[in-house]
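Reckoned from all heavy atoms, side chains included, excluding hydrogens, waters and symmetry mates. Numbers restart at 1 for each chain; the letters A, B, ... are given by sequence-line order, proteins then strands.
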Amino acid sequence: MKLATWNVNSLKVRLPQVLDWVSKHRPDVLCLQETKLEDANFPAAAIREAGYHALFSGQKTYNGVAILTRAAGSDAVTSIPGFDDPQKRTLAATIDGVRIVCIYVPNGESVESEKYQYKLRWFAALRAWLENELKRFPRLALLGDFNIAPENRDVHDPAAWEGKVLFSRPERDAFNELLAAGLRDSFRLFAQPEHSFTWWDYRMNAFRRKMGLRIDHVLLSTELARSCTACTIDVEPRNAERPSDHAPVVAELETT
DNA sequence: ATGGTAGAAACTCTA
């Protein structure tokens with residue numbers, strides 16, 4: 001089973017790239033973030049023609065998440081229960097017996113921002129919810145744009161980023177608390193190249209200069225982690241014309 | 001020096 005996540009930064013703009021990518025890689029599950037589409041405008045027909053089912057929870061201009069699947073999903077949930085949030089950042093469903101949770105964590109803007117406090121509140125609610133979900137669904141995968149780089153090696157210049165949003169101590173602590181709830185970072189189950197990143201700012205030629213962060217993640221419950229055989233970042237789409245600023249992350253599970 | 005790019009939308013906000 002192949003699971004993937006990709007922040008597309010507008011599905012309207014990136015739809016041809018997404019269709020091309022799924023035809024080439026044929027993931028069983030592709031979680032998308034920043035679709036920036038109201039549900040009425042979701043390109044369900046084009047995705048269906050590519051052989052995929054789609055679940056989606058979107059809004060105009062900002063945020064929006066979707067899950068594309070080869071097999072039909074069930075029991076979809078579009079929010080963190082008990083956390084009142086008008087922003088469309090969460091989508092969960094069961095596919096082939098695996099509980100898939102697709103998230104777009106708030107960016108936070110800066111550590112001084114009100115949006116940073118919202119980010120930490122949001123992430124605390126996510127952890128509380130997932131502690132319960134992991135009991136209900138031992139086979140659970142949490143994929144998405146976490147907007148958190150967990151470790152020094154996930155940042156091109158850790159000294160410059162120390163204490164900044166995406167790499168501040170409270171954010172990294174929150175990420176580690178999520179792991180402590182019973183999740184593994186699938187990328188770190190394997191030896192990886194140095195300078196492995198998933199996001200590069202559009203500005204300052206950051207991609208060409210390898211100035212990136214690893215902020216998109218595939219976390220697996222301990223049971224699923226045991227069957228994980230690979231996790232890779234596909235930087236190829238970042239080289240395309242009009243790319244997303246994020247690259248897809250792909251995890252492979254041994255089918256049982 | 002606090003820049004710059006991209007997307008959606010609408011003359012600004014978010015990332």
Side-chain angles (χ1 to χ4, degrees), chain A residues 5-21 31-44 46-47 56-66 85-91 102-123 126 143-150 154-168 170-172 174-175 197-217 233-249:
Chain A
T5 182
W6 191 6
N7 179 324
V8 290
N9 186 20
S10 168
L11 185 56
K12 184 180 175 184
V13 171
R14 235 63 71 190
L15 180 62
Q17 294 181 36
V18 170
L19 295 175
D20 183 59
W21 194 85
C31 294
L32 301 176
Q33 302 86 35
E34 285 205 88
T35 55
K36 300 186 176 180
L37 288 171
E38 289 181 301
D39 290 349
N41 299 329
F42 193 88
I47 286 165
F56 40 90
S57 178
Q59 65 184 91
K60 197 193 290 188
T61 310
Y62 304 120
N63 311 313
V65 283
D85 186 4
Q87 302 191 20
K88 303 299 187 187
R89 300 180 171 279
T90 308
L91 182 58
C102 172
I103 58 168
Y104 174 48
V105 177
N107 172 281
E109 188 182 33
S110 75
V111 296
E112 297 85 12
S113 171
E114 181 58 41
K115 297 194 195 79
Y116 180 78
Q117 297 304 321
Y118 163 63
K119 179 180 194 173
L120 295 178
R121 286 199 307 276
W122 194 96
F123 210 86
L126 174 73
L143 305 91
D145 177 359
F146 286 64
N147 271 314
I148 299 173
D154 301 316
V155 179
H156 69 93
D157 185 347
W161 278 87
E162 184 65 46
K164 301 282 202 306
V165 73
L166 312 184
F167 194 55
S168 70
E171 291 165 273
R172 297 160 74 187
F175 185 88
F197 307 127
T198 66
W199 170 80
W200 304 260
D201 200 303
Y202 283 122
R203 297 166 287 191
M204 309 286 285
N205 280 313
F207 182 64
R208 185 180 56 72
R209 296 162 67 192
K210 304 186 189 305
M211 295 170 65
L213 304 181
R214 191 176 70 95
I215 57 175
D216 301 85
H217 306 294
I233 299 164
D234 180 12
V235 297
E236 190 180 339
R238 193 62 177 78
N239 284 305
E241 287 285 316
R242 288 191 90 187
S244 168
D245 44 352
H246 294 252
V249 183

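For the residue pair Asp85(A) / Trp122(A), a side-chain donor-acceptor distance below 3.5 Å is found, with atom types taken as modelled. In this model, a donor atom of one side chain and an acceptor atom of the other lie less than 3.5 Å apart for Trp21(A) and Asp234(A).
Straight-line distance between the P atoms of dC11(B) and dT2(B): roughly 26 Å, to the nearest whole Å. Distance noted for atom C1' between dA15(B) and dG4(B): 13 Å (whole Å). A gap of 10 Å separates the C1' atoms of dC13(B) and dA9(B), to the nearest Å. Between dA1(B) and dA10(B), the two C1' atoms lie 30 Å apart (nearest whole Å).
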Which atoms of nucleotides 7-11 of chain B (N or O only) lie under 3.5 Å from a protein N or O atom, and what are those distances?
unit_1, atom_1, unit_2, atom_2, d
dG7(B), OP1, Arg14(A), NH1, 3.0
dG7(B), OP1, Arg14(A), NH2, 3.4
dG7(B), OP2, Arg242(A), NH2, 3.2
dG7(B), O3', Ser10(A), OG, 3.3
dA8(B), OP1, Ser10(A), OG, 2.2

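In this model, the phosphate group of dA6(B) is not approached by any side-chain N or O of Arg238(A) to a distance below 4.0 Å at OP1 or OP2.
Across all their heavy atoms, Tyr202(A) and Pro243(A) have their closest contact at OH-O, 2.9 Å.
The residue Tyr104(A) sits close only to the backbone: its heavy atoms come under 4.0 Å of sugar-phosphate atoms, none of a base.
Partners of Ala66(A) according to the side chain to side chain contact (heavy atoms under 4.5 Å, CB included) rule, which considers only residues two or more places apart in sequence or in another chain, are Leu32(A), Thr35(A), Phe42(A), Phe56(A).
Results of the side chain to side chain contact (heavy atoms under 4.5 Å, CB included) test with Thr198(A) over Thr5(A), Leu213(A), Asp216(A), Asp154(A) single out Asp216(A) as the only residue that passes.
If you measure from atom CG of Asn7(A) to atom C1' of dA15(B), you get 9 Å, rounded to the nearest angstrom. Arg203(A) has its CZ atom 9 Å from the C1' atom of dG3(B), to the nearest Å. Nucleotide dA6(B) holds its P atom 13 Å from the CD atom of Gln17(A), rounded to whole Å.
Between the side chain of Gln17(A) and the backbone N or O of Glu241(A), at least one donor-acceptor pair lies under 3.5 Å.
The residue among Asn107(A) and Met204(A) whose nearest nucleotide of DNA chain B is located toward the 5' end is Met204(A).
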